[in-house]
Amino acid sequence: MDKDTMTRTLANIYQMGKDDAMQGIDAVDIDLDKMRSEIGAVKGIGEVRLNQIMEIIKDNLNIKADE
C-alpha cells in the first residue's frame with residue numbers, strides 16, 4: 001500500500017468514526033438548565049464566569065443562543 005492509499009484509507013476510517021460519534025451525540029438528551037445549576041453551585045464560579053462556561057458548552061454542542 002502506498003502513502004496516498006494509506007492516507008485515504010485512514011481518512012475514511014476517521015470520518016466513519018466521527019460520523020458514528022456525532023449520531024450518538026444527537027441521541028443524548030442534555031439538560032442545559034440542570035448543567036447550569038450544577039456548575040453554578042461550584043464554589044468560586046460567579047454569574048459572569050458561569051455565563052462564559054455555558055457559552056463555551058453551547059458553542060461546542062452547536063446549540064443556538066436562544067435554546
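Since the model is a prediction, treat every value here as computed from it, not as a measurement.
In this structure, Gln52 CD and Ile45 CD1 are separated by 10.5 Å, a value rounded to the nearest 0.5 Å. Of the inter-residue distances, the one linking Asp20 atom CG with Gln15 atom CD reads 10.0 Å to the nearest 0.5 angstrom. Taking CD of Glu38 as the start and CG of Asp33 as the end, the distance is 11.5 Å to the nearest 0.5 Å. Ile56 CD1 to Lys58 NZ: the interatomic distance, rounded to the nearest 0.5 Å, is 12.5 Å. Taking CE from Met35 and CG from Asp31, the interatomic distance works out to 8.0 Å, rounded to the nearest 0.5 Å. The line from CE of Met54 to CG of Leu50 is 6.5 Å long, rounded to the nearest 0.5 Å.
Counting only distance, with no hydrogens or angles, the side chain of Thr7 and the backbone of Lys3 share a donor-acceptor pair below 3.5 Å.
Here the side chains of Asn51 and Glu47 are in contact, with some heavy-atom distance below 4.5 Å. Using a 4.5 Å heavy-atom cutoff, the side chains of Ile57 and Ile30 are not in contact.
Note on Val42: it clusters hydrophobically with Leu32, by side-chain heavy-atom contacts below 4.5 Å among ILVMFWY residues.
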